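To keep things clear, I will list the structure first and then write my remarks on it.
Values in this document were obtained by computation on a predicted structure and should not be read as measured data.
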Amino acid sequence: MTLRKGEKMTISIQEHMAIDVCPGPIKPIKQISDYFPRFPRGLPAAVGRSGTLRSAVSQPSVSPAEGPRDEDEDVDQLFGAYGTTPAEQPPKYQAPEEVVDPEGYESDDCTTLGTLDFSLLYDQENNALHCTINKAKGLKPMDHNGLADPYVKLHLLPGASKANKLRTKTLRNTLNPTWNETLTYYGITDEDMIRKTLRISVCDEDKFRHNEFIGETRIPLKKLKPNQTKNFNICLEKQLPIDKTEDKSLEERGRILISLKYSSQKQGLLVGIIRCAHLAAMDANGYSDPYVKTYLKPDEDKKSKHKTAVKKKTLNPEFNEEFCYEIKHGDLAKKTLEVTVWDYDIGKSNDFIGGVVLGINAKGERLKHWFDCLKNKDKKIERWHTLTNELPGAVLSD
């Protein structure tokens with residue numbers, strides 16, 4: 001199309017729209033995320049953990065040679081320098097949150113689940129493990145009000161059950177509870193300290209639903225030295241599976257503290273039934289109504305049976321009862337002491353919980369206890385023994 005001199009060029013509406021709609025190459029439009037990106041792990045020193053920029057951003061330094069720069073460019077360059085790819089990150093900045101804690105959990109668990117402060121003491125002389133629960137800090141909120149109703153419960157592994165569960169009181173509406181409670185396990189032997197692990201769980205109590213798990217930690221008891229208190233301040237971890245591949249044929253059914261003494265004055269063997277600990281639960285309510293029976297065998301006259309009182313609804317009963325068997329000291333080497341623990345039931349047969357046999361044919365601590373009694377007249381010797389579910393069939397009826 002040729003134009004004469006002084007004639008104005010006319011443009012059709014189609015051409016006008018084409019010019020407006022397609023002015024040239026399309027440039028990408030900046031998004032809000034370009035100005036406020038998600039902070040990646042491993043923020044630079046200029047970006048605090050609270051997610052706010054420090055003065056390096058809010059008040060950018062400008063050198064005289066450079067002159068003032070556009071504020072958007074400062075933000076873009078700052079965050080563009082700390083991308084998620086290794087090539088984009090300056091070598092002087094590291095990502096501390098990616099470091100795995102030596103205890104086997106990520107440090108993120110500390111911020112999401114909280115920390116627990118406690119101490120452990122193994123009293124070797126009294127066969128007791130004292131667990132002092134001091135406080136927790138920064139627990140995970142579990143309730144609608146952003147708080148929790150936390151308590152701590154303890155289990156000994158393997159064999160976690162209601163029989164060896166201990167727990168603190170519940171503290172209401174707090175994420176930073178202070179308990180200062182000492183929970184004690186009795187009947188803990190040196191063998192337990194080698195092979196058992198203490199599981200410490202923090203839970204949220206709920207009146208209308210099931211209690212909720214917050215976090216846990218596990219301490220192998222072999223880490224403790226006898227008669228020395230060890231303090232811990234540990235990040236809680238997520239729930240770990242419990243190994244249930246135990247030998248059920250020799251399943252532990254609890255512990256019993258027995259004293260033996262041959263009295264020269266009474267010319268007989270004094271058997272003391274002091275207490276039991278961590279008994280197996282036999283009733284539907286999760287408890288038992290335990291009592292103890294003792295026999296000195298062989299028992300031709302069927303007169304050696306003694307029986308304690310029944311203790312209601314407990315897995316850790318205290319009896320403190322003593323029985324006397326009139327027998328010559330020289331005859332004890334031929335005898336066997338059978339101690340059995342039962343759960344009392346009304347209207348039906350009593351349930352066998354567990355038992356232990358002491359005598360010249362026993363093994364380990366059971367043999368040693370019997371031998372020490374024969375060797376040391378007029379001296380009371382107390383020992384803890386493990387109850388098992390295996391005993392001669394003759395005693396498995398009450």
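Side chains of Pro141 and Leu147 form no contact here, defined as non-hydrogen atoms less than 4.5 Å apart. At a threshold of 4.5 Å between non-hydrogen side-chain atoms, the residues Leu166 and Tyr185 count as touching. With contacts defined as side-chain heavy-atom distances shorter than 4.5 Å, the pair Leu221/Ile194 does not qualify. With contacts defined as side-chain heavy-atom distances shorter than 4.5 Å, the pair Asp372/Arg383 qualifies.
Contact record, Phe319 with Ile273: CB-O, 3.5 Å, taken as the closest heavy-atom pair. Cys373 and Leu260 make their closest contact through SG-CB, 3.8 Å (heavy atoms, listed as atom of the first residue, atom of the second, distance). Considering every non-hydrogen atom in both Ile360 and Ala333, the closest pair reads CG2-O, 3.5 Å. Taking both residues in full, the closest heavy atoms of Pro317 and Leu315 are given as CD-C, 3.5 Å, listed atom of the first, atom of the second, then distance. A pairwise comparison of heavy atoms in Gln124 and Asn227 identifies N-OD1, 3.3 Å as the closest pair. Shown here for Cys131 and Leu154, the closest heavy-atom pair between the two residues is CB-CD1, 3.7 Å.
Hydrophobic clustering places Leu224 together with Ile200 (ILVMFWY residues linked when any side-chain heavy atoms are closer than 4.5 Å, directly or through intermediates). Following chains of ILVMFWY side-chain contacts shorter than 4.5 Å, one cannot reach Leu279 starting from Trp384, and the two form parts of different hydrophobic clusters.
Counting only distance, with no hydrogens or angles, the side chain of Glu321 and the backbone of Ala309 share a donor-acceptor pair below 3.5 Å. Side chain of Arg255 to main chain of Gly187: a donor-acceptor pair is present (N/O by atom type, distance under 3.5 Å, no hydrogens or angles). Side-chain atoms of His329 come within 3.5 Å of backbone N or O of Leu374 as a donor-acceptor pair. In this structure, Ser288 contributes its side chain and Pro290 its backbone to no donor-acceptor pair below 3.5 Å. Using a distance-only test at 3.5 Å, with no hydrogens or angles considered, a donor-acceptor pair links the side chain of Asn127 to the main chain of Ile188. Side-chain atoms of Asn176 come within 3.5 Å of backbone N or O of Gly138 as a donor-acceptor pair. With His278 contributing its side chain and Tyr186 its backbone, the two residues share a donor-acceptor pair below 3.5 Å. The backbone N or O of Arg195 lies less than 3.5 Å from no partner atom in the side chain of Lys222, so there is not a single donor-acceptor pair.
Between the side chains of Asn145 and Asn173, a donor-acceptor pair is found at a separation under 3.5 Å. Thr197 and Arg218 form no side-chain donor-acceptor contact under 3.5 Å, judged by distance and modelled atom types alone. Residues Asn350 and Tyr291 bring a donor and an acceptor atom of their side chains to less than 3.5 Å of each other. Side-chain N/O atoms of Tyr295 and Thr336 include no donor and acceptor closer than 3.5 Å. No hydrogens or angles considered: a donor-acceptor pair under 3.5 Å links the side chains of Asp190 and Tyr122. Thr229 and Ser119 share no donor-acceptor pair across their side chains, judged by distance under 3.5 Å alone.
Of the charged side-chain nitrogens involved, none lies within less than 4.0 Å of a carboxylate oxygen, so that Glu326 and Lys266 do not count as a salt-bridged pair. No salt bridge links Lys135 with Glu181; every basic N to acidic carboxylate O contact stays at or beyond 4.0 Å. Ion pairing between a basic and an acidic side chain is recognised when a charged N comes within 4.0 Å of a carboxylate O; Lys335 and Asp331 show no such pairing. Between Asp283 and Lys313 no salt bridge is recorded (no basic side-chain N to carboxylate O distance below 4.0 Å).
Ring geometry, His306 versus Phe323: the interplanar angle falls under 30°, so the pair is classed parallel (tilted spans 30 to 60°). Classification of the Phe352-Trp342 ring pair by plane angle, with boundaries at 30° and 60°, yields perpendicular.
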Trace of the salt bridge (Lys or Arg N to Asp or Glu O under 4.0 Å) decision for Asp343 with Lys311:
CA-CA 9 Å; Asp343 169 53; Lys311 301 296 181 180; over 6 Å; no

For the pair Arg167 and Glu205, evaluate salt bridge (Lys or Arg N to Asp or Glu O under 4.0 Å) and give the outcome as yes or no after the intermediate values.
CA-CA 12 Å; Arg167 62 162 286 176; Glu205 185 176 287; 3.4 Å; yes

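Remark: of the listed residues Asn211, Asp204, Thr170, Thr168, Asn211 is the sole one forming a side chain to side chain donor-acceptor pair (under 3.5 Å) with Tyr151.
More than 12 heavy atoms of other residues, nucleotides or ligands lie within 6.0 Å of CZ in Phe232, so this atom counts as buried by the packing criterion.
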